[in-house]
Amino acid sequence: MATDDKDLFKKIVSHAKEYGFVYPSSEIYDGLQAVYDYGPYGAELKKNLKDIWWQSMTRLHANVVGLDAAIFMHPLTWKASGHVDSFNDPMIDNKDSKKRYRADTLIEDWAARLEAEGKPEKAQALVTEMNQLLEAENLTELRELIVREGISCPLSGTTNWTEVRQFNLMFSTEVGSVAEDASKIYLRPETAQGIFVNFLNVQKTARMKVPFGIAQIGKAFRNEIVARQFIFRMREFEQMEMQFFVRPGTEMDWYEQWRETRLRWHKALGIPAESLRIHPHEKLAHYANAALDIEFKFPFGFKEVEGIHSRTDFDLRSHQELSRKKQQYFDPELDENGKPYGNYIPYVVETSIGADRLFLMLLCSAYREETTGEGEEQKSRTYLKLHPALAPVKAAIFPLVKKDGLAEKAMAIYNELRHDFNLIYEEQQSIGKRYARQDQIGTPFCIAVDYDTMENDTVTIRYRDTMEQKRVPISALREEIGREVSAANIFKNL
RNA sequence: GCGAAAGUAGCUCAGCUGGUAGAGCGCGACCUUGCCAAGGUCGAGGUCGCGGGUUCGAACCCCGUCUUUCGCUCCA
């Protein structure tokens with residue numbers, strides 16, 4: 001990343017900490033890598049984002065309903081989903097080139113080379129042996145195999161290898177009261193499986209008809225090999241996923257439709273179109289037949305914020321096989337031949353967005369540094385240009401000075417409006433300083449009580465983005481602010 | 001995990017050839033203040049990341065360690 005962008009990102013990270021948005025976890029003990037805590041304003045902002053997502057999914061789409069499934073799930077869930085088998089990569093390092101490889105791909109590449117050299121039997125034997133060792137999770141023998149076959153590092157050309165180590169994606173923990181062999185359970189690495197295992201429960205009890213969707217917000221946990229870029233990649237994070245169940249064969253239409261719907265959603269939050277792009281996946285995960293990322297231009301480059309996957313019937317089908325419970329849906333609608341579509345396992349289109357990445361996107365997109373005036377008069381101003389519906393604090397109320405009853409008047413207004421909006425009352429220091437502080441946490445409106453207020457019950461509203469002021473009657477405040485901070489302003493652009 | 005750099009007040013940093021820690025901003029109280037980080041007075045806040053060594057004496061020199069940042073490897 002360019003130096004300017006690096007500086008900008010550093011500023012955003014320290015702004016986040018300095019003004020109560022995001023703190024490093026367990027900071028007094030020197031922190032815990034790749035874990036972060038949300039402060040007062042961060043918690044509000046994140047909650048607002050989750051609310052907007054939840055409402056736009058479940059309220060704006062009549063055929064999408066919500067779910068809140070547990071983080072702990074039966075261990076077989078992760079067998080069915082493929083997480084146990086597909087995301088346990090054996091890693092090995094070459095001590096000379098300092099490069100790290102997946103041991104299995106290293107061996108496979110070597111086998112491909114043998115085959116190219118006209119030794120297909122040898123290549124086949126190598127792969128077979130590797131698979132046996134992987135199956136048995138015998139990492140010591142796997143290393144022996146690499147050394148014995150003289151497999152060398154493509155870069156250094158040496159066979160100076162470290163031990164093979166297992167990198168597990170999933171966090172495991174113990175559940176006390178289940179049978180001994182099943183007592184190891186995992187913290188879910190994605191919320192999606194909670195939706196899949198409840199597919200029929202939801203379909204039957206909420207009387208849903210395909211096509212329909214199930215939305216869920218929840219924590220998920222992944223052991224990343226490197227966890228960097230602030231809250232972009234965390235070990236504990238929050239996902240907002242929606243699994244949309246469709247008739248087989250129609251999945252690509254829905255895939256495209258959700259791509260457009262989700263792209264519109266990001267723009268409605270105030271993200272400029274040029275900061276967003278679609279990145280289709282070349283290499284697909286084991287469960288998908290089409291996948292794309294919606295990427296945002298972070299200071300460290302275009303990176304994924306949301307993923308849209310056509311997951312086929314992979315998940316429901318594997319759950320059906322492993323649980324021996326039918327995951328079928330009977331579709332009574334008639335096809336072109338006048339016959340019902342009948343029983344089938346639905347296909348799934350997934351939209352999956354990281355709440356923390358969304359948060360970071362909004363923070364990066366809202367962060368503004370501006371200088372006003374010239375020469376001696378030059379001043380700089382930092383503010384967060386957040387949509388009023390998302391801003392953590394909706395309005396701040398100040399008395400112009402702390403005497404002549406202005407403070408009491410301002411406090412009365414605060415008390416009257418605090419049930420409707422998240423407000424801050426401040427009377428310390430100069431009013432300019434108070435405006436600046438509110439700008440830094442993105443408060444869209446500041447209400448000042450001055451001497452005119454004492455005469456005619458009007459106050460000034462000062463707008464964060466323009467710093468302009470408007471005089472309004474106290475009685476109009478609730479409606480004035482309410483109109484601006486309403487989530488409907490976002491929904492109407494969807 | 002490897003390589004590089006950095007850790008001193010809430011933040012940004014200064015601290016000379018080793019002599020027991022400072023500034024600006026911020027924060028709190030009071031005064032002043034008729035609208036964009038104004039001024040004054042007072043105040044809180046630091047075992048200089050941690051452990052060991054050298055030395056009469058270590059923020060400073062040496063060793064170790066932890067954490068963070070950046071690069072490389074993995075990433076649904």
Side-chain angles (χ1 to χ4, degrees), chain A residues 1 3 6 9-11 13-15 17-20 23-24 26-34 81-83 86-103 105-106 153 155 162-163 165 167-170 189-190 192-193 220 222-230 232-233 239 241 281 283-288 291 293 300 303-304 307 309 311 314-315 350 352 354 372-373 379-383 398-404 406 428-440 446-454 459-460 462-464 466-469:
Chain A
M1 92 177 98
T3 313
K6 207 182 273 179
F9 189 57
K10 265 188 186 166
K11 280 187 198 168
V13 172
S14 48
H15 189 93
K17 188 190 160 203
E18 190 70 15
Y19 296 100
Y23 315 123
S26 323
E27 200 187 4
I28 62 166
Y29 294 107
D30 284 331
L32 184 63
Q33 200 182 33
S81 71
H83 283 84
S86 304
F87 297 112
N88 276 346
D89 299 331
M91 312 294 293
I92 189 165
D93 296 303
N94 184 271
K95 289 180 187 167
D96 298 313
S97 64
K98 310 282 184 201
K99 290 283 169 190
R100 171 169 296 169
Y101 300 92
R102 271 176 57 174
T105 43
L106 193 68
C153 168
L155 254 170
T162 62
E163 294 303 302
R165 279 165 299 191
F167 279 78
N168 295 316
L169 172 94
M170 292 191 286
E190 63 173 13
Q193 299 306 327
R222 292 179 192 175
N223 256 320
E224 304 280 359
I225 293 172
V226 284
R228 294 261 174 90
Q229 316 290 27
F230 192 43
F232 184 80
R233 179 163 286 139
Q239 290 186 310
E241 293 196 312
H281 284 202
K283 220 177 97 188
L284 297 172
H286 61 268
Y287 51 72
D293 294 337
F300 45 89
K303 297 280 178 189
E304 175 189 359
H309 293 246
R311 293 184 76 134
F314 174 87
D315 297 278
E350 166 190 89
S352 171
T372 51
K379 284 173 180 168
S380 69
R381 179 168 92 101
T382 304
Y383 67 105
F398 312 142
L400 182 59
V401 292
K402 203 171 28 174
K403 60 179 185 185
D404 301 328
L406 268 58
Q428 301 98 316
Q429 300 171 324
S430 70
I431 196 158
K433 226 173 235 187
R434 290 178 249 157
Y435 284 142
R437 262 201 295 267
Q438 294 307 315
D439 284 345
Q440 281 154 339
C446 290
I447 295 157
V449 168
D450 58 17
Y451 285 94
D452 289 351
T453 312
M454 309 307 276
V459 291
T460 59
R462 178 259 196 193
Y463 295 87
R464 176 195 64 204
T466 59
M467 297 196 286
E468 280 165 6
Q469 286 180 308

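Here is how names work: the chains are called A, B, and so on, in the same order as the sequence lines, proteins then strands, and each is numbered from 1.
- For the pair A/Thr453 and A/Leu406, the minimum side-chain heavy-atom distance is 4.5 Å or more.
- Judged by Watson-Crick or G-U wobble contacts below 3.5 Å, the nucleotide B/A21 has no partner.
- In this structure, a donor-acceptor pair under 3.5 Å is absent between the side chains of A/Gln438 and A/Arg462.
- Here, B/G45 and B/C2 have their C1' atoms 40 Å apart, quoted to the whole Å.
- Atom-to-atom, CG of A/Asp439 to C1' of B/C36 comes out at 9 Å; the value is rounded to the nearest Å.
- Counting non-hydrogen atoms under 4.0 angstrom, A/Gln469 reaches a base of the nucleic acid.
- Within 4.0 Å (heavy atoms only), A/Gln440 reaches at least one base atom of the nucleic acid.
- The nearest whole Å value for the distance from the CZ atom in A/Arg233 to the P atom in B/C74 is 12 Å.
- In terms of position along RNA chain B, the nucleotide closest to A/Gly432 lies nearer the 5' end than the nucleotide closest to the other residue of the pair A/Glu190 and A/Gly432.
- In this model, a side-chain donor or acceptor of A/Thr460 finds a partner on the base of B/C35 within 3.5 Å.
- Interface remark: the A/Arg462 side chain does not form any donor-acceptor pair with the B/C35 base, using a distance-only criterion of under 3.5 Å.
- Pair assignment for B/C72 gives B/G1, based on Watson-Crick or G-U wobble hydrogen-bonding distances that are each under 3.5 Å.
- Residue contacts for A/Lys10: at a heavy-atom cut-off of 4.0 Å it reaches no nucleic acid atom on any strand shown.
- Contact check for A/His15 versus A/Thr382: side-chain heavy atoms found under the 4.5 Å cut-off.
- Two residues, A/Ser14 and A/His309, neighbour RNA chain B, and the one matched to the more 5' nucleotide by heavy-atom proximity is A/Ser14.
- For A/Lys433, no side-chain nitrogen or oxygen approaches OP1 or OP2 of B/C36 to under 4.0 Å.
- A/Arg381 comes within 4.0 angstrom of no nucleic acid atom, judged by non-hydrogen atoms across all strands.
- In this structure B/U41 sits in a base pair with B/A29, meeting the Watson-Crick or G-U test at under 3.5 Å.
- B/A38 atom P lies 8 Å from atom CD of A/Gln429, rounded to whole Å.
- Atoms OH (A/Tyr23) and P (B/C11) sit 12 Å apart, rounded to a whole Å.
- An OP1 or OP2 oxygen of B/U33 is reached within less than 4.0 angstrom by a side-chain nitrogen or oxygen of A/Lys403.
- In this structure B/G64 sits in a base pair with B/C50, meeting the Watson-Crick or G-U test at under 3.5 Å.
- The CZ atom of A/Arg437 sits 11 Å away from the C1' atom of B/G28 (whole-angstrom rounding).
- The nucleotide B/C36 finds no pairing partner, because no Watson-Crick or G-U wobble arrangement with both distances shorter than 3.5 Å includes it.
- Paired with A/Asp439 under the rule side chain to side chain donor-acceptor pair (under 3.5 Å), one option of A/Arg381, A/Arg434, A/Arg464 passes, and it is A/Arg381.
- Rounded to a whole angstrom, the distance from the C1' atom of B/A59 to that of B/G18 is 10 Å.
- Not a single donor-acceptor pair, N or O on each side, falls under 3.5 Å between the base of B/C36 and the side chain of A/Arg434.
- For A/Gln229 and B/U69, the CD to P distance is 9 Å, given to the nearest whole Å.
- Going from atom OH of A/Tyr463 over to atom C1' of B/C36 covers 17 Å, rounded to whole Å.
- For A/Asp450, counting side-chain heavy atoms from C-beta on, the closest listed nucleotide (B/A37, B/C35, B/G10) is B/C35.
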